[in-house]
Student: 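The following block contains the structure, expressed as structure tokens.
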Protein chains: 2
Amino acid sequence: MIGLEEVAKLARVSPATASRALHRPELVALRTRERVEQAALELGYRPNVLARSLRTRGSRTLGLIVTDILNPFHATLAKGVQDAAEAQGYTVLMFNSDEQPDKERRALETLQGHLPQGLIVVPTSQTGDNLRIVPGLPVVELDRTSGLPDAHSVMVDNVSGAREAVAHLTGLGHRRIGMIVGRQDVSTARERLQGYREALAAAGLPYLESLVLPGNHREADGRLASMQLLSQRERPTALFVGNNEMTVGAVLAARDLGLELPRDLSIVGFDDSRWAQTMSPALTVVAQPTYELGMVACQWLLSVIQGNPWPENVRLPTVLIHRSSTAPPQPTRSPAQAASP
Amino acid sequence: MIGLEEVAKLARVSPATASRALHRPELVALRTRERVEQAALELGYRPNVLARSLRTRGSRTLGLIVTDILNPFHATLAKGVQDAAEAQGYTVLMFNSDEQPDKERRALETLQGHLPQGLIVVPTSQTGDNLRIVPGLPVVELDRTSGLPDAHSVMVDNVSGAREAVAHLTGLGHRRIGMIVGRQDVSTARERLQGYREALAAAGLPYLESLVLPGNHREADGRLASMQLLSQRERPTALFVGNNEMTVGAVLAARDLGLELPRDLSIVGFDDSRWAQTMSPALTVVAQPTYELGMVACQWLLSVIQGNPWPENVRLPTVLIHRSSTAPPQPTRSPAQAASP
DNA sequence: ATGAAAGCGCTAACAT
DNA sequence: ATGTTAGCGCTTTCAT
């Protein structure tokens with residue numbers, strides 16, 4: 001490997017000067033600087049960031065922990081983070097917690113050894129505890145919040161997004177609206193449920209526990225919960241589903257039950273995706289600015305690392321995209337359609 | 001930060017002994033070792049991997065460059081790599097080339113400073129050149145090959161996968177089979193085209209250039225190419241599409257043209273996905289062992305890093321999954337159906 | 001404006 | 001079996 005010493009020798013200066021020439025140009029005479037730059041170029045010099053980090057205790061490295069890299073939503077978040085980091089010359093160490101607090105802990109332990117300068121994390125239920133592994137590290141929580149009182153977070157406005165989605169359904173005339181909701185120890189799930197309740201209240205509809213089924217954010221859970229919900233004697237005419245994966249499950253459940261969208265059932269999902277766009281019928285969804293979410297979180301973190309104060313927590317807006325999976329409920333329903341299996 | 005020195009002090013040994021106790025246990029008396037371990041635990045000691053790497057010139061770090069992290073195929077590859085690396089205590093630095101040789105080059109430059117011990121790369125067209133940035137680094141090419149004569153690669157058997165797909169179509173009785181093929185500077189595209197030709201030949205069908213349209217691996221290209229292909233006077237009765245993204249485009253094009261699958265058109269895609277599974281009709285595809293691909297590549301690289309010789313290049317098998325988008329061609333076709341727009 | 005020297009935290013000779 | 005010493009490549013005082 002080409003080291004600074006070789007460069008210095010070729011440029012006939014000391015290693016110290018060579019170092020300064022390359023990243024403190026103002027401290028060095030123009031002519032010497034040019035010589036050093038020339039030498040570096042000639043030798044193909046690449047600074048050893050490990051040595052630099054060790055010395056400066058600043059690694060130009062950020063940690064990123066997402067809960068499921070296979071979920072396109074998270075992949076998009078990650079891309080936003082990476083692009084923002086790269087633009088400022090930072091390297092991202094990405095880990096995957098798979099929603100498991102234990103894997104998150106291990107990721108943090110590994111990460112710590114790399115002396116990251118900041119962390120962006122999509123929290124699990126134990127993030128509050130786990131973060132004690134990296135005391136003093138600037139942390140931005142992404143998409144959800146761990147609930148730590150001094151947490152800094154970049155999220156979408158889940159309450160309003162959910163409210164808008166459900167208001168759309170009530171506006172169409174639906175009065176029995178089911179919800180498949182995520183785990184209540186995840187902040188997004190709590191907030192989306194709240195939006196659902198608010199929209200019902202605004203429409204003068206009662207909140208019925210029997211219409212709200214929990215799922216564990218995965219397709220299979222969404223499918224199971226939807227099956228149950230749609231097999232009730234008096235099944236809902238519309239469904240609001242709390243995340244992208246479970247929405248897939250809901251659509252499949254409807255299909256299994258022979259329900260045609262939107263004639264027999266309206267569905268609104270949370271989070272847009274190509275899948276939602278290309279399904280037939282195309283899905284009405286609450287779209288999130290996913291890429292921006294990641295990018296903003298990263299820019300925000302970098303700004304703090306560079307010494308600026310923490311800004312206020314950020315809430316990006318969602319947009320309801322009206323496609324073809326929602327329609328007014330059937331004016332009349334034959335008993336056959338309400339049959340239980 | 002807690003350093004080895006603090007641990008050593010608490011355990012009343014020298015830093016050197018503390019270091020040995022923690023990762024060369026056999027060189028240290030059992031009792032001292034226990035004292036050191038205890039001390040490390042008590043203080044929450046985490047080794048500074050930067051310092052370690054600097055000293056040992058071995059960073060326990062691998063580079064991974066994929067061409068599109070938003071493509072679920074690549075996300076799955078990445079997960080396979082990460083899981084395999086983590087299992088052996090290696091950290092993965094992941095980058096995204098977006099199919100741009102230039103971004104690939106920058107990724108390699110950044111990576112080099114981190115002293116990676118190996119690299120896994122999904123090559124772009126310039127990877128051969130770019131790899132000169134990291135001379136001597138063990139490299140595994142994943143999914144595709146750069147064409148370098150001494151490249152080591154982990155791929156699927158594209159020729160046979162494509163051949164099987166097209167043979168399936170000829171077996172159903174199709175005689176006009178179109179193909180949407182990727183860029184010919186990407187090895188997978190070349191190989192899949194070859195499989196297509198072989199299957200046609202085996203069925204005694206001529207290879208018609210007019211039935212083979214190129215696309216740039218993206219949905220939009222697939223859609224455009226399919227539109228053209230399906231608007232021909234005598235349009236194909238079946239389509240073989242060279243990758244997952246373009247298959248989406250092909251399905252949308254068919255939909256736009258009012259063609260019903262599989263009655264008016266059979267489609268086989270390359271690479272399975274949830275989208276392919278949940279589309280209606282569910283898509284017949286050539287499935288790849290994507291996760292295994294990433295995992296094998298990583299295990300392979302690690303084995304080489306640990307001093308073993310390079311194994312033979314690996315070709316994992318594909319599996320044709322027969323779903324509902326393929327059927328025998330219509331026995332008769334009314335002129336109306338073959339109309340051009 | 002430049003150089004000499006020290007040291008980031010760790011590990012590997014080399015001693016004992 | 002353990003301690004002493006040196007040095008990985010870089011940056012940063014402190015001199016000059």
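Chain identifiers are assigned alphabetically (A, B, ...) following the order of the sequence lines, protein sequences preceding nucleic acid strands; residue numbering begins at 1 within each chain.
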Student: May I have the distance from A/Arg33 (atom CZ) to C/dT2 (atom P), rounded to whole angstrom?
Tutor: 11 Å
Student: Counting side-chain heavy atoms from C-beta on, which of C/dA12, C/dT2, D/dT2 comes nearest to B/Arg55?
Tutor: C/dA12
Student: Can you find a side-chain donor-acceptor pair between B/Glu34 and B/Gln38 that sits under 3.5 Å?
Tutor: no
Student: B/Leu22 has an atom CG; how far is it from atom C1' of C/dA12, in whole Å?
Tutor: 16 Å
Student: Within this structure, what is the CZ-to-P distance between B/Arg24 and C/dA13, rounded to whole angstrom?
Tutor: 9 Å
Student: If you look at every strand shown and take non-hydrogen atoms under 4.0 Å, does B/Val49 touch a base, only sugar-phosphate, or nothing?
Tutor: nothing
Student: With hydrogens left out and only the distance checked, is there a donor-acceptor pair under 3.5 Å joining B/Arg20's side chain and the base of D/dG3?
Tutor: yes
Student: Could you state the atom-to-atom distance from NZ of A/Lys9 to P of D/dC10 in whole Å?
Tutor: 13 Å
Student: Does A/Arg57 place a side-chain N or O at less than 4.0 Å from the phosphate oxygens OP1/OP2 of C/dC8?
Tutor: no
Student: Counting side-chain heavy atoms from CB outward, which of C/dC10, D/dC10, C/dT2 is closest to A/Val28?
Tutor: C/dT2
Student: When we call it a touch if two heavy atoms are under 4.0 Å apart, what does A/Leu27 touch: a base, just sugar-phosphate, or nothing?
Tutor: base
Student: By nearest atom, which of the nucleotides C/dT2, D/dT12, D/dG3 is closest to the A/Ser19 side chain?
Tutor: D/dT12
Student: Between D/dG3, C/dA12, C/dG9, spot the one nearest the side chain of B/Asn48, thanks.
Tutor: C/dG9
Student: Nearest-Å distance, CD (A/Glu5) to P (C/dA4)?
Tutor: 12 Å
Student: Quick one: do A/Leu111 and A/Val134 satisfy side-chain contact (heavy atoms from CB on, under 4.5 Å)? Show the steps, please.
Tutor: CA-CA 9 Å; A/Leu111 190 57; A/Val134 289; 5.9 Å; no
Student: Between A/Glu99 and A/Arg183, does any NZ, NE, NH1 or NH2 come within less than 4.0 Å of an OD or OE carboxylate oxygen?
Tutor: no
Student: How long is the line joining CG of B/Leu50 and C1' of C/dG7, in whole Å?
Tutor: 15 Å
Student: Please give, in whole Å, the distance from C/dT2 P to A/Arg12 CZ?
Tutor: 12 Å
Student: Report which part of the nucleic acid A/Ala29 touches: base, sugar-phosphate, or nothing (heavy-atom distance under 4.0 Å, all strands).
Tutor: sugar-phosphate
Student: Would you indicate, yes or no, if C/dT2 has its OP1 or OP2 atom less than 4.0 angstrom from a side-chain nitrogen or oxygen of A/Thr32?
Tutor: yes
Student: Kindly say if B/Thr17 contacts the phosphate of D/dT2, meaning a side-chain N or O under 4.0 Å from OP1 or OP2.
Tutor: no
Student: Looking at C/dC8, C/dT2, D/dG3, which one has an atom nearest to any side-chain atom of A/Leu54?
Tutor: C/dC8
Student: Does the side-chain contact (heavy atoms from CB on, under 4.5 Å) test come out yes or no for A/Arg52 and A/Arg60, once each step is laid out?
Tutor: CA-CA 10 Å; A/Arg52 189 210 308 251; A/Arg60 288 188 91 76; 5.8 Å; no
Student: Just the rounded figure in Å: distance from C1' of C/dG9 to NE2 of A/His114.
Tutor: 15 Å
Student: How about A/Leu62 and A/Cys298: do any of their side-chain heavy atoms sit closer than 4.5 Å?
Tutor: yes
